[in-house]
Engineer: 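Would you mind keeping the following structure in view while I ask a few things?
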Number of protein chains: 2
Amino acid sequence: MVQTPKRLTRQQSAVAEALRSGEDFTSAQDLHARLRSSGNPIGLATVYRTLQTLAGDGDVDVLRTDDGESVYRHCSTGHHHHLVCRACGKTVEVEGPMVEKWADKISAQNGFRDVRHTLEIIGTCSECPA
Amino acid sequence: MVQTPKRLTRQQSAVAEALRSGEDFTSAQDLHARLRSSGNPIGLATVYRTLQTLAGDGDVDVLRTDDGESVYRHCSTGHHHHLVCRACGKTVEVEGPMVEKWADKISAQNGFRDVRHTLEIIGTCSECPA
DNA sequence: AGTGGTTTTGACAATCATTCTCACTCGGGC
DNA sequence: GCCCGAGTGAGAATGATTGTCAAAACCACT
């Protein structure tokens with residue numbers, strides 16, 4: 001198995017940087033538009049590719065909005081979940097050790113292996129009107 | 001506000017029935033194909049519309065597969081979560097009262113209102129190879 | 001059973017995020 | 001500086017979902 005060389009390109013840095021500086025979840029399309037308008041020529045396909053790679057490496061979190069769009073966010077720390085405001089998009093990272101344990105227990109009880117889980121909580125934050 | 005009459009059509013029954021008889025999550029496309037091939041003429045758009053309605057009424061559960069396809073499943077009982085086999089699609093419904101409480105608590109602590117959450121656990125079940 | 005007014009349907013076009021294609025470019029080891 | 005394969009990008013392709021709108025079906029009323 002030959003390990004593929006990992007080149008460091010301007011585009012990849014740009015995407016990673018843009019994600020790192022953003023607070024909230026961002027769609028690939030948005031990211032592309034933002035990079036473009038900030039004088040950073042980059043192809044849409046490249047944005048998608050880079051995001052996939054980053055997500056695969058666990059450097060960013062991915063989740064799907066209700067309308068089927070994938071959104072990305074830079075996430076440094078280990079496993080955690082998200083509390084998202086449906087109005088303004090504000091995101092709070094939360095941890096729930098008991099949830100992890102519960103999921104593991106349930107899985108074991110049903111004979112499931114290699115288990116992963118996703119948990120998202122969406123609501124309206126205190127700064128947004130009803 | 002005049003309440004729109006709810007007509008009972010052959011197509012709607014067919015979709016509801018097909019969902020009720022199915023065990024696992026099914027995509028709209030699959031459902032459409034299955035209805036068609038079982039001698040039940042129905043339009044794709046109608047399948048989507050009906051599924052949306054059913055989902056809105058809380059008669060079916062919706063979730064998104066990793067590749068962005070919406071899948072539907074008939075779910076009788078109240079709020080619960082799913083343990084899904086990534087290989088064969090087998091689905092186990094599970095409840096987690098403590099998870100609900102945890103989610104509520106976290107939300108309250110962060111000042112969120114009108115909170116909903118989604119939790120899916122995926123793994124490989126005991127009957128599927130690694 | 002017939003009629004009318006409205007909802008629902010369905011074939012097809014349109015949309016839209018994402019992926020594919022493939023010729024071209026550039027990073028970096030020599 | 002040279003080379004070559006990984007990386008890029010413009011546009012086409014894909015594929016699920018939604019919109020359109022004339023035609024069909026439903027139901028209340030006679």
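When reading the values below, keep in mind they use all heavy atoms of this one structure, side chains included, and skip hydrogens, waters and symmetry mates. What you see is a predicted model; the values in this text were computed from it and never measured. Chain letters run A, B, ... following the sequence lines, proteins first, then strands; residues in each count from 1.
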Engineer: Could you state the CG-P distance from A/Asp30 to C/dT18, rounded to the nearest angstrom?
Structural biologist: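 Computing the A/Asp30:CG to C/dT18:P distance gives 11 Å.
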
Engineer: Around atom CD of A/Glu95, are there more than 12 heavy atoms of other residues, nucleotides or ligands at under 6.0 Å?
Structural biologist: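 Atom CD in A/Glu95 is not packed in, count stays at 12 or less.
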
Engineer: Do nucleotides 8-21 of chain D as a string where each nucleotide becomes B, S or -: B if the base has a protein heavy atom under 4.0 Å, S if just the sugar-phosphate does, - if no protein is that close.
Structural biologist: BBB-----SBBBB-

Engineer: Roughly, in whole Å, what's the span from CZ in A/Arg7 to P in D/dC4?
Structural biologist: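 Computing the A/Arg7:CZ to D/dC4:P distance gives 13 Å.
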
Engineer: Taking only residues two or more places apart in sequence or in another chain, which ones pass side-chain hydrogen bond (donor to acceptor under 3.5 Å, both in side chains) with A/Gln29?
Structural biologist: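 For A/Gln29, the residues satisfying side-chain hydrogen bond (donor to acceptor under 3.5 Å, both in side chains) (neighbours in sequence not counted) are A/Tyr48.
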
Engineer: I'd like to know if the side chain of A/Arg64 reaches the main chain of B/Asp66, judged simply by a donor and an acceptor atom lying under 3.5 Å from each other, with no hydrogens or angles considered.
Structural biologist: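 Here the side-chain-to-backbone pair exists.
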
Engineer: Could you tell me how far apart A/Leu54 (CG) and D/dG7 (P) are, to the nearest whole angstrom?
Structural biologist: 13 Å

Engineer: Kindly say whether A/Gly68 contributes a backbone atom to a donor-acceptor pair with the side chain of A/Ser70 at under 3.5 angstrom?
Structural biologist: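 It does not hold such a pair.
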
Engineer: Applying side-chain hydrogen bond (donor to acceptor under 3.5 Å, both in side chains), which residue pairs with at least one partner in residues 30-45 of chain B are found, sequence neighbours left out?
Structural biologist: B/Arg10-B/Asn40

